[in-house]
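Bear in mind that the values here come from a model prediction, so they are computed numbers and not experimental data. For the single chain, residues carry numbers from 1 onward in sequence order.
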Amino acid sequence: MVLKKLSKVFAATASVAMMASPMMAMATNSPALGSVEGYEAAGIIETETDNSGNLTHIEFANSNATTVVVMEYKGALVPFAFENGEWNSNYSTQTNGGAITPYEDEATGGEFLVSGGIVMTWISGMVTDGSGTGGYYVANGEIQKNAGFTPYEGCWFVLKNGQVDKSFTGAKTFVDGEGREVTALFAAGRQITEFTGITDDGQGNSYLVVSGVIRTDVNGTHTVSVDGSEANVATFTFENGRVVR
């Protein structure tokens with residue numbers, strides 16, 4: 001049996017490519033597991049299997065270990081999520097499509113999505129939960145705490161600690177999926193793609209916005225639609241898309 005830290009596993013195995021516009025649903029199936037051979041050498045003191053020989057429980061010698069332990073199993077590296085020295089095949093970070101409670105590796109501080117006791121390395125992209133409170137930005141099953149933005153269902157979201165930052169309302173500049181620098185308006189962390197017209201960013205500034213993107217290329221005095229309709233127009237002076245008078 002071979003033990004490695006999870007970060008080494010990601011480097012040693014083929015990564016799941018990030019999708020340009022990820023639209024991921026929470027997967028419910030984990031790889032089928034059977035007996036683990038040679039487990040004594042790794043500090044595993046006990047295992048249990050079901051009637052089909054599938055592994056259901058592992059007890060680690062370190063009873064305080066709440067960490068991901070990657071074990072070589074039938075030619076593959078499988079990341080087992082231990083909690084207090086034990087692993088159970090029925091442990092998942094999402095139950096019955098409800099809210100997600102991430103698994104935290106106490107050794108590394110990383111947070112992961114787990115299904116059937118296994119880190120969901122086959123999941124990458126924006127993963128939403130069933131609680132209506134949002135979701136997480138994930139790469140190979142690990143929540144990306146340092147990511148700033150992600151696209152999802154046709155618009156962009158501001159992220160904080162791997163989650164949609166619903167506390168943020170205002171303008172932010174980022175590089176989109178085509179490598180272009182874009183300044184967009186966000187409300188509760190979500191780009192306001194449905195709006196075209198003049199709008200306030202919540203911080204005392206007004207901008208010319210087209211489909212949620214500030215027209216930073218617009219300068220000088222122009223007559224524009226205030227709400228996207230031809231009936232409601234007005235004349236403004238702009239500086240990089242911001243109304244100056």
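Between the side chain of Y103 and the main chain of F82, a donor-acceptor pair closer than 3.5 Å is present. Between the side chain of D176 and the main chain of G179, a donor-acceptor pair closer than 3.5 Å is present. Although no hydrogens or angles enter the test, the distance criterion places no donor-acceptor pair under 3.5 Å between the side chain of T66 and the main chain of E106. Not one N or O on the side chain of E83 forms a donor-acceptor pair closer than 3.5 Å with the backbone of A81. Checked by atom type and distance alone, the side chain of D165 never pairs as donor or acceptor with a backbone atom of V158 at under 3.5 Å. S124 places a side-chain N or O within donor-acceptor distance of the main-chain N or O of N140, the cut-off being under 3.5 Å. One N or O on the side chain of T108 and one on the backbone of G110 form a donor-acceptor pair closer than 3.5 Å. Under a 3.5 Å cut-off, the side chain of S92 and the backbone N or O of G116 do form a donor-acceptor pair. In this structure, T169 contributes its side chain and A188 its backbone to a donor-acceptor pair below 3.5 Å.
Using cut-offs of 30° and 60° on the angle between ring planes, the pair W156 and F174 is tilted. Relative orientation of the F186 and F149 rings is tilted, given thresholds of 30° and 60° on the angle between their planes.
Note that CD of Q191 and OG of S211 are 8.5 Å apart. Values are rounded to the nearest 0.5 Å. Rounding to the nearest 0.5 Å gives a distance of 9.5 Å between CH2 of W122 and CG of L113. With rounding to the nearest 0.5 angstrom, the CG atom of N205 is 9.5 Å from the CG atom of L185.
Here the side chains of L208 and I214 are not in contact, with every heavy-atom distance at 4.5 Å or above. E86 has its side chain within reach of H57: a pair of non-hydrogen atoms, C-beta onward, lies under 4.5 Å apart. Residues V119 and F80 have side chains not in contact (no heavy-atom distance under 4.5 Å, counting atoms from C-beta outward). Considering only heavy atoms from C-beta on, T150 comes within 4.5 Å of L159 through its side chain. Side chains of V182 and T173 form no contact here, defined as non-hydrogen atoms less than 4.5 Å apart. Counting only heavy atoms from C-beta outward, the side chains of Y136 and P102 approach each other to under 4.5 Å. Here the side chains of T193 and F195 are not in contact, with every heavy-atom distance at 4.5 Å or above.
For the residue pair H222 and V218, the shortest heavy atom distance occurs at CD2-CG1, 3.7 Å. Contact record, V78 with I118: CG1-CD1, 3.6 Å, taken as the closest heavy-atom pair. Of all heavy-atom pairs spanning S206 and I198, the tightest one is CB-CG2, 4.2 Å. The nearest pair of heavy atoms linking T121 to P79 is CG2-CG, 3.9 Å.
Using a 3.5 Å distance cut-off with no hydrogens or angles, the side chains of T216 and T183 do not pair a donor with an acceptor. Defined by atom type and a distance below 3.5 Å, a donor-acceptor pair is present between the side-chain atoms of T221 and T237. One side chain, T67 or D105, offers a donor N or O that lies under 3.5 Å from an acceptor on the other.
Annotation: E194, atom CD; neighbour count of heavy atoms from other residues, nucleotides and ligands within 6.0 Å is above 12.
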Practice item. For the pair F238 and V224, evaluate side chain to side chain contact (heavy atoms under 4.5 Å, CB included) and give the outcome as yes or no after the intermediate values. Key: CA-CA 11 Å; F238 298 95; V224 299; 4.0 Å; yes

Practice item. Please assess V164 against M126 for the test side chain to side chain contact (heavy atoms under 4.5 Å, CB included), listing each intermediate value before the final yes or no. Key: CA-CA 10 Å; V164 175; M126 192 70 178; 3.2 Å; yes

